2 protein chains.
Amino acid sequence: MVGIKKRAHGEASRQRILAAAAEIAGERGYEGTSISLVSKCSGLPASSIYHHFKDKDDLIAAVVQTSFDRWFHLLQEPTEVPEEAETPEELFQHAMQGIGRALFDSPDFLRLGLMLVLEHRPEEPTARKDFLNIRKTVMSHTRIIYTAYFTDLKPDDIESLVTLTLVLSDGLFLAHEAENLDLDQGFGLIALAILGTAEQLMK
Amino acid sequence: MVGIKKRAHGEASRQRILAAAAEIAGERGYEGTSISLVSKCSGLPASSIYHHFKDKDDLIAAVVQTSFDRWFHLLQEPTEVPEEAETPEELFQHAMQGIGRALFDSPDFLRLGLMLVLEHRPEEPTARKDFLNIRKTVMSHTRIIYTAYFTDLKPDDIESLVTLTLVLSDGLFLAHEAENLDLDQGFGLIALAILGTAEQLMK
DNA sequence: AACCTGTCGTAGCACTCACTCCAATTCGGA
DNA sequence: TCCGAATTGGAGTGAGTGCTACGACAGGTT
């Protein structure tokens with residue numbers, strides 16, 4: 001009992017299923033993600049899917065969690081500091097674009113999460129609750145950063161700014177999906193909007 | 001041949017089907033909207049649905065169009081001018097909240113449209129294209145208004161502001177669905193953001 | 001060797017899906 | 001009154017749904 005050894009393709013299969021499910025669910029939503037399609041796309045039979053995941057609900061929830069974890073770890077990595085001295089505004093914009101690029105690199109949890117937010121079916125999927133919790137996590141992190149950055153603002157105004165940030169990110173993601181909106185330009189714009197709103201709030 | 005007369009409950013049935021489909025599709029999305037459910041909810045058999053609409057795709061597209069037309073007509077109605085003299089900023093916020101309230105009164109096309117934007121399945125539904133066209137219509141109207149209101153801004157900046165407005169509206173709608181966000185407060189916030197960004201752009 | 005546990009393949013369950021066929025019914029116009 | 005078009009009723013299509021039962025087979029452990 002030195003350690004838990006993997007038999008056959010155990011963990012690898014799990015990952016393949018997750019990857020397939022992420023791709024399909026990101027494209028077609030909750031109802032549109034059929035087990036048979038995930039099976040076909042991952043090359044594993046349905047029974048294997050049900051061996052690794054309790055049911056469809058469990059699978060979708062796992063997709064959201066995995067994708068979010070990947071993004072969140074990516075964020076924790078040392079933020080590269082721009083060499084040249086820049087104004088605080090430029091630094092802010094730079095940071096914004098960094099977060100944004102990371103977000104749009106692994107957008108599965110975001111797209112799927114937003115879809116689940118929009119659909120409110122009778123019995124809500126676990127993944128929806130998970131995504132709402134994820135949002136709270138993101139909000140509290142943003143709150144900490146903004147409290148340190150906008151030292152002149154009252155807590156209420158910080159809260160408004162945090163809400164605004166989420167609103168802008170979601171909206172930008174949607175706009176990106178709807179028409180072809182340049183992402184860097186988009187994140188520059190929402191950074192500008194946050195700074196502009198902060199100034200308005202200080203008045 | 002004086003005029004086309006309705007037999008039986010022709011047009012009325014169509015409306016009932018549309019209403020039922022709007023409610024279900026708004027709650028469950030494209031895939032989640034089953035004909036049998038629409039049938040049960042409208043009290044009409046499947047054959048009636050297929051008499052009035054070519055197929056499911058056609059039905060969903062009709063739901064989006066109908067809901068949008070209703071909202072757009074609502075907007076064209078004479079905008080009530082606030083009695084007391086207010087600052088331009090307050091007027092702007094007031095107008096924003098008016099549009100917003102109308103939007104959230106008949107949100108079927110918005111919710112469904114955003115869902116369709118997020119899902120990009122292989123063969124995209126007609127309703128998705130329709131919704132993208134609707135967005136263009138809304139954008140050009142916003143552009144006209146902003147051009148008249150922000151007389152100091154260059155066309156490029158106006159364009160940024162128009163994009164920002166759509167981004168903010170979509171994001172607010174999502175935030176409203178996600179957590180319980182007060183709408184008036186939300187629209188006040190995005191009005192502030194637009195004004196703040198406009199000031200930043202003028203710098 | 002025998003054993004055990006985790007993984008895969010096959011087949012199939014009851015159910016729902018979008019959609020169709022056609023006969024019955026309802027009504028306006030002649 | 002009867003015609004014919006509009007609309008509805010209901011049964012039924014093949015395909016697909018989530019999910020399960022169960023046996024085969026692979027390792028590693030003893």
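Everything numeric in this text was worked out from a predicted model, so none of it was measured. We name chains A, B, ... by the order of the sequence lines, and we start the count at 1 in each one.
Taking atom CZ of B/R14 as the reference point, atom P of D/dA6 lies 15 Å away to the nearest angstrom. Atoms CD1 (A/I17) and P (C/dT7) sit 10 Å apart, rounded to a whole Å. At whole-Å resolution of the value, CG in B/D58 and P in C/dA18 are 15 Å apart.
Legend: residues meeting ring pair (Phe, Tyr, Trp, His ring centres under 6.0 Å) with A/H141, ordered by chain and number and at least two apart, are A/F72. Residues passing the side chain to side chain contact (heavy atoms under 4.5 Å, CB included) test with A/A127 are A/I60, A/A61, A/V64, A/L116, sequence neighbours excluded. Residues meeting the ring pair (Phe, Tyr, Trp, His ring centres under 6.0 Å) test with B/Y50, sequence neighbours left out: none.
Sorted by first and then second residue, the pairs that involve residues 168-194 of chain A and meet ring-ring contact (aromatic ring centres under 6.0 Å, His included), not counting sequence neighbours, are A/F104-A/F173, A/F104-A/H176, A/F104-A/F187. Screening residues 108-130 of chain B for ring-ring contact (aromatic ring centres under 6.0 Å, His included), with sequence neighbours left out, gives B/F68-B/F109, B/W71-B/F109. Sorted by first and then second residue, the salt bridge (charged side-chain N to carboxylate O under 4.0 Å, His left out) pairs with a member in residues 112-133 of chain B read B/E31-B/R121, B/E119-B/R121, B/E124-B/R128; sequence neighbours excluded. Listed by first and then second residue, the ring-ring contact (aromatic ring centres under 6.0 Å, His included) pairs that reach into residues 12-37 of chain A come to none, sequence neighbours excluded.
Put simply, the side chain of B/R14 reaches to within 4.5 Å of the side chain of B/E11, judged on heavy atoms.
Listed by residue number, B/S47, B/S48, B/H51, B/H52 are the residues of residues 47-56 of chain B with a heavy-atom contact under 4.0 Å to DNA chain D. Of all the residues in residues 26-40 of chain A, not one reaches under 4.0 Å from DNA chain C with any non-hydrogen atom.
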